[in-house]
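Okay, so here's the structure we're looking at.
Hydrogens, waters and symmetry mates are skipped; everything else that's a heavy atom, side chains included, is used. Positions are given from 1, in the same order as the sequence printed here.
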Amino acid sequence: MTGPKGGYYEAELGEPHKFDPTFRGPVHNRGCTDVLCCVIFVIVILGYIVLGTVAWMHGDPRKVVYPTDSYGQFCGQQGTPNANKAILFYFNILQCANPTVLINLQCPTTQVIQTLFANHLSFSLSWNVLYLALACFVTDASLSLLFTPAVCIQVGITSLLDAKEVGVKIFEDYASSWFWILIGLVISMLVSLIFILLLRFTAGVLFWMVIFGVIAAMGYGIWHCYWEYSSLKGKPDSDITISDIGFQTDFRVYLQLRQTWLMFMISLAVIEAIIILVLIFLRNRVRIAIALLKEGSKAIGCIMSTLFYPIITFLLLALCIAYWAVTAVFLASSGDAVYKVMSTLPDCKYTNLTCDPETFSQSNVTKLCPGSQCTFAFYGGESLYHRYIFVLQLCNLLVFLWLVNFTIALGQCTLAGAFASYYWALRKPADIPPCPLASSFGRALRYHTGSLAFGALILSIVQFIRIILEYLDHKLKGAHNAFTRFLLCCLKCCFWCLEHFIKFMNRNAYIMISIYGKNFCASARDAFFLFMRNVMRVAVLDKVTDFLLFLGKLLISGSVGVLAFFFFTRQIPVIQEEVPSLNYYWVPLLTVIFGSYMIAHGFFNVYAMCVDTLFLCFLLDLEKNDGSATRPYYMGSSLRAILNKKNKRPEEKKKRRKHKKEQPNKRH
């Protein structure tokens with residue numbers, strides 16, 4: 001469907017693609033695109049490496065691994081006097097729920113002290129006991145001797161010990177069941193592979209079974225609502241309207257009203273009618289979507305290596321996440337220990353001033369403020385680097401998002417190029433070029449690093465803004481300004497929609513880049529106009545694909561989860577003796593279910609990329625070709641049959657066949 005030419009069509013929706021006799025699939029003679037963005041991307045990566053190096057030089061991960069007491073000593077560190085004191089106690093742990101803790105990695109202990117005395121707690125504490133409370137504790141029975149009374153303290157420590165015991169049991173379950181968890185994940189991988197390969201036969205059956213099942217279920221719902229509506233006729237108080245009784249917390253009250261069942265019946269009837277009308281008027285587009293799903297299964301069967309490309313993406317993403325996390329920890333732990341004066345006297349003018357613990361006992365502060373101490377406050381510094389730690393953390397986050405989105409973009413462009421090579425092969429699989437996945441990866445990395453980085457940067461900026469909005473929303477949860485909350489909610493909604501739209505556009509722009517080798521903006525524009533010229537087909541295919549893939553993920557994770565449940569609960573007699581003894585059988589069960597879903601998600605992401613690529617190539621095929629001998633359609637026979645399209649045979653082949661038919665007649 002190319003649509004009318006000229007006028008509004010070309011001005012608003014772009015000009016349809018024209019036939020190019022030299023086009024034979026992804027263009028091989030291409031040049032580098034978006035070079036400036038590529039240079040900036042490389043410079044940012046080098047700067048990111050420098051940032052990580054500087055953070056590693058100034059940071060100290062012990063500040064994260066080990067808690068620090070009021071005197072700057074690490075709790076639980078081996079080789080120190082506090083080696084057997086692993087727990088740091090705070091009287092008001094809620095004061096630690098502060099975003100500044102993520103930057104300073106230190107709970108504001110001064111606030112804890114103020115809260116203790118402001119609340120007038122029902123037990124008395126001397127300064128020595130308070131000192132012990134803010135220091136590292138020994139987790140043994142002698143702990144009760146440190147406090148008066150000791151019950152409240154022991155409850156908190158007991159809960160920590162219980163949590164530690166649960167963690168040890170969970171670790172034991174993983175240690176004893178890891179082999180069977182691995183087997184379950186391998187089974188889910190094999191099932192996912194078989195499911196994708198069989199979609200060429202089952203896609204249509206599965207889709208229509210679910211659709212007719214939904215129609216039948218809604219039909220039963222309509223009948224049931226009518227039966228309830230009729231049975232309530234004549235009963236007392238059944239004709240009262242919903243507006244008369246108002247809001248009721250007991251929902252069963254509404255079920256005694258005829259109006260309720262009438263509303264249910266009308267709603268189900270309207271939904272049923274919409275589904276039936278959509279299927280009637282869009283049946284051909286639904287058939288095209290199912291045919292493309294089947295064609296995608298064939299394409300993956302011809303290029304099986306694409307199913308294992310997500311491993312490369314996973315490794316690159318793991319590298320990005322690990323580098324970001326380590327850099328963030330070292331940035332957060334940068335700085336020297338800062339000590340401040342802590343005094344029990346309310347009129348001490350030296351309170352909260354910085355001090356040196358080595359020379360504090362010799363200063364005049366101890367004389368002017370008796371009982372004051374020089375205690376650890378936080379980690380920090382006065383240098384330019386320490387003053388901009390928060391800015392460096394934001395840069396770390398932005399570059400991390402950029403690298404993650406670039407990695408995903410590289411995978412999408414690579415897979416799109418491989419599947420485009422399949423579609424534009426006239427004789428499948430004979431005309432598919434050798435090593436299509438490796439060739440596509442090389443083209444994407446050599447020529448289009450800048451374009452992929454450009455698209456990833458746009459998406460990263462939007463995601464960065466969304467993170468900032470989420471942070472502001474978290475900070476304003478206790479605010480009573482309704483307009484501010486409403487404005488923030490609108491901004492979050494708008495940027496959520498913008499992020500998903502950019503993801504959709506980037507995905508299809510990468511497909512166009514893999515085919516034609518143009519820059520990002522030109523590819524995004526061509527993809528957008530191509531979809532606008534076929535907007536109904538795009539909508540139907542997108543929903544049908546998402547629906548079937550979602551069913552596939554649920555089917556695989558659910559079936560493997562049921563099998564794992566019967567296995568770990570010893571309900572399979574044949575292998576009952578092989579089941580390891582577990583503290584919590586749900587630990588390996590949930591691991592298998594979650595892992596199966598993620599494996600199915602990885603496989604189906606490849607399949608979804610395949611279908612999207614084939615669909616975009618299909619639209620290009622309809623615009624560029626007409627089925628003649630010089631401009632044949634590249635789509636499969638099933639798609640041509642749905643659209644009533646045929647490829648005309650060349651005249652030479654017709655003459656040869658006619659000549660072969662005439663030869664037997666001459667012999668007779």
Side-chain angles (χ1 to χ4, degrees), residues 60 62-63 66-77 80-98 100-101 103-138 142-150 152-153 156-157 332-383 386-387 389:
D60 186 359
R62 293 182 304 169
K63 301 170 186 175
Y66 303 103
T68 307
D69 67 4
S70 297
Y71 288 88
Q73 300 174 343
F74 294 113
C75 300
Q77 185 182 6
T80 64
N82 295 326
N84 62 335
K85 303 177 182 180
I87 296 176
L88 183 67
F89 177 78
Y90 296 100
F91 277 90
N92 191 350
I93 196 66
L94 296 178
Q95 294 291 342
C96 299
N98 192 312
T100 58
V101 177
I103 301 173
N104 298 325
L105 292 182
Q106 181 67 22
C107 187
T109 55
T110 55
Q111 296 180 15
V112 174
I113 295 173
Q114 293 171 1
T115 303
L116 283 172
F117 290 101
N119 289 342
H120 302 287
L121 297 182
S122 59
F123 56 89
S124 61
L125 291 172
S126 65
W127 175 253
N128 292 330
V129 175
L130 180 60
Y131 156 72
L132 291 172
L134 295 177
C136 304
F137 285 148
V138 184
S142 62
L143 179 66
S144 60
L145 300 177
L146 301 177
F147 301 94
T148 307
C152 298
I153 305 302
I157 301 301
S333 60
S334 297
D336 301 324
V338 176
Y339 296 85
K340 290 191 176 184
V341 177
M342 183 179 295
S343 175
T344 56
L345 301 177
D347 56 347
C348 180
K349 62 179 181 179
Y350 296 101
T351 302
N352 289 332
L353 294 181
T354 56
C355 57
D356 186 356
E358 296 181 358
T359 61
F360 182 75
S361 59
Q362 303 172 1
S363 63
N364 295 329
V365 179
T366 55
K367 299 178 181 178
L368 298 176
C369 301
S372 60
Q373 296 188 12
C374 184
T375 60
F376 170 78
F378 56 87
Y379 293 102
E382 299 298 331
S383 66
H386 293 104
R387 280 183 288 179
I389 288 292

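- Closest approach of T351 to C348, counting heavy atoms only: OG1-O, 3.1 Å.
- For the atom pair C374 SG and K340 NZ, the distance stands at 11.5 Å (nearest 0.5 Å).
- Taking every heavy atom of both residues into account, V341 and S372 meet most closely at CG1-CB, 4.2 Å.
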